[in-house]
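Report on the structure given below.
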Amino acid sequence: MVETVHAPSQGTFGRILREPRALFGGLFILFLIFCALSAPLIAPHDPLEQDLLLEKIPPVWQAGSDPAYLLGTDGLGRDLLSRLIHAARISLIVAFVAGILACLLGTTLGLLAGFYGRWVDTLISRLVDIWMSFPPVLLSILLVAVLGSGLHSVIVAIVVIDWTRFCRVVRTETLAQTKLEYVDSAVTLGMPRMRILFREILPNVFPVILVLLSLEMGIAVIVEAILSFVGLSVSTDTPTWGGMIAEGRQVIYQAWWVLVFPLAALFLTVLAFNQLGDGLRNALDPALRR
Amino acid sequence: MWYRILLNRLILAAVTLLGVAVVVFVLVRVVPGDPIAMMIAPGASEADIQDLRVRYGLDLPIVQQFTVWIKGILAGDFGKSFSLRQGVVGLVVGRVPATLELAGLALAIAMGLGVGIAVVATLARGRWLETLIDNVNGLVLAVPDFIWALVFVLVLGVLWPVLPISGRVDPRLDLDLASNFYLAEAFFTGQFKLVGHLLTHMIMPAVALALPLAAIIARVMKGALQEAMLQDYVVLARIKGFSRLRIVLQEAMRNAVVPVLSLTGVQFTFLVGGTVIVERIFSYPGIGNMAIDAVINRDLPLIQGLVLAFAIMFILINLAVDLITIVLNPRLRHG
């Protein structure tokens, strides 16, 4: 059974802070946001500056390194640390923009389906069923083939494929909330239905949405990395972790570090979003723990 | 009863396939940017472009294009690839066995690993080993196959180079095989040295694909096994003095097989989807790798063929799962 969930309050915030996984995930993502925002200030070098005399310098703790290049340089002599910091921008843009858009679309439809029921629910639920029967990989191949490569295609592909994740769960939660007494009371009081939905029900479904959003952002980061790995995301002038991994794959026998650092950044970021999501789930809603 | 369910599923499969075909056709025709423009050298004359449009049927009205296209498909003609200048059917059929063998191997690994871990965790209930398994399982679930594949390339291919990191076979090898099912054919014709060689190439991509599925199987199976361990018949077996391992394998397992199998079926389609990027990382010559090239080159006929090939695979997997569920579920079988 779904219990009544109260909107996040001071006490909830304290519970999130006491959840070690949420804390680790949240702090790491804050750190990433800081890196992305202040990239031009904190990056020691221009991420695009090539110097073929300085190619494949190993990280500082290895023999033959150069202290000016903490994590070494890639096959074109570009500073890895600076590229890593700048690349966080693309990953976070995709995570937030695609995540939030998918969330808005899926949540709106889920709220409407769960609250209004009848033909609205039938229509939206069928749409979700049909959508989900189409394997995500096929859909993304087709979408990118149609839209061409680029950041906008990556974002559109993620939103078009993943809104169903939000819709299904939000619909179920809304349906459960709609059956609770406070909604009956609000109806009896003559509150407008839209107001009940967005002012009364939405805050109670919000914790679930937050958990899904965090997990979705992790997925978005991976999808962007995969598409930039195969060269279907932003142009190669812009540093991305996926693009750096692809470059690292090519010089893997001569310079393993070119692959290792972006891979580690991607791994930690995905893990952070996941841990944040799991931690939030534990802190916000014990009924969700499965 | 069961044959009606099966008939229903078959009709549903046909409808799904038609739906995919229509979606593919429509999506590909609304492509912004002219695919012909990508095929020819810059500076080609207007007449040349028109010539190509006619040759690929792109000058006809869209409804007519669709009838031509669907007729062609029903006759097994998917057209010619723009970029490779060969028939799409031949290209796709040549590559499908590689992907099937990789996905099949990954499925076997995932099931073996998942079941093994679940049994160990059930036996280790309440001890530190169970906690360790749960934590590792959670970590494995959080990390996608893309990252596993790259970690394997780095660790087992480069830092401690024990396995080859690209391709399906060593190109210097002279293969004496009639089909493209290298692994199966080598196995059944008794060329075990070749089987070993093929496995060294396939093991890393297969394990990368298998790990997330293994973690899911292990989690669900562990739940089912532990639930079964509390049942009366298991308690009875314990009183009779059977060993815990035997009880888990013989008694509890029976309870866990059906939920795990139906879950595996659904998750297997995700694994097949994962072959696209994993094949890319290992330069493995399957249809996933080909699909990425097709998208990069905007090779529309090839993309259509590949997407339909994937769709057929997904539909067959779902059908197989339905069949197995019917076979394992006595109520449906005898109803």
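The model shown is predicted, which means the values in this text are computed figures rather than measured ones. Every heavy atom of this structure was used, including side-chain atoms; hydrogens, water molecules and symmetry mates were not. A, B, ... follow the sequence lines: proteins, then strands. Residue 1 opens every chain.
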One option among L139(B), D299(B), I277(B) has the most heavy-atom pairs under 4.5 Å with chain A, and it is I277(B)
Drop me the distance from W256(A)'s CH2 to L154(B)'s CG, to the nearest 0.5 angstrom. 8.5 Å
Portion of A294(B) that has a non-hydrogen atom of chain A nearer than 4.5 angstrom: neither
For each of L232(A), I219(A), L215(A), tally heavy-atom pairs with chain B at distances under 4.5 Å, and name the one with the top tally. L232(A)
With respect to chain A, which residue among A142(B), P161(B), G157(B) yields the maximal number of heavy-atom pairs within a distance under 4.5 Å? A142(B)
Could you tell me which of L259(A), V270(A), I226(A), I141(A) has the largest number of non-hydrogen atom pairs under 4.5 Å with chain B? I226(A)
Rounded to the nearest 0.5 Å, how far apart are CG of L142(A) and CZ of F310(B)? 11.5 Å
Once you round to the nearest 0.5 Å, how far does CZ of F267(A) lie from CH2 of W148(B)? 6.5 Å
Go through the atoms of V143(B) and report whether side chain, backbone, both or neither lie under 4.5 Å from a heavy atom of chain A. side chain
Side chain, backbone, both or neither: which part of I165(B) has a non-hydrogen atom closer than 4.5 Å to chain A? both
Is there a donor-acceptor contact under 3.5 Å from the side chain of R249(A) to the main chain of I281(B)? yes
Okay, V272(B) and chain A: the region with an atom under 4.5 Å from a heavy atom over there is neither
Residue F24(A) excluded, over 12 heavy atoms near CZ under 6.0 Å: yes
Is there side-chain contact between I147(B) and I222(A), with heavy atoms separated by less than 4.5 Å? yes
Quick one: what part of I252(A) sits under 4.5 Å from any heavy atom of chain B, side chain, backbone, both or neither? both
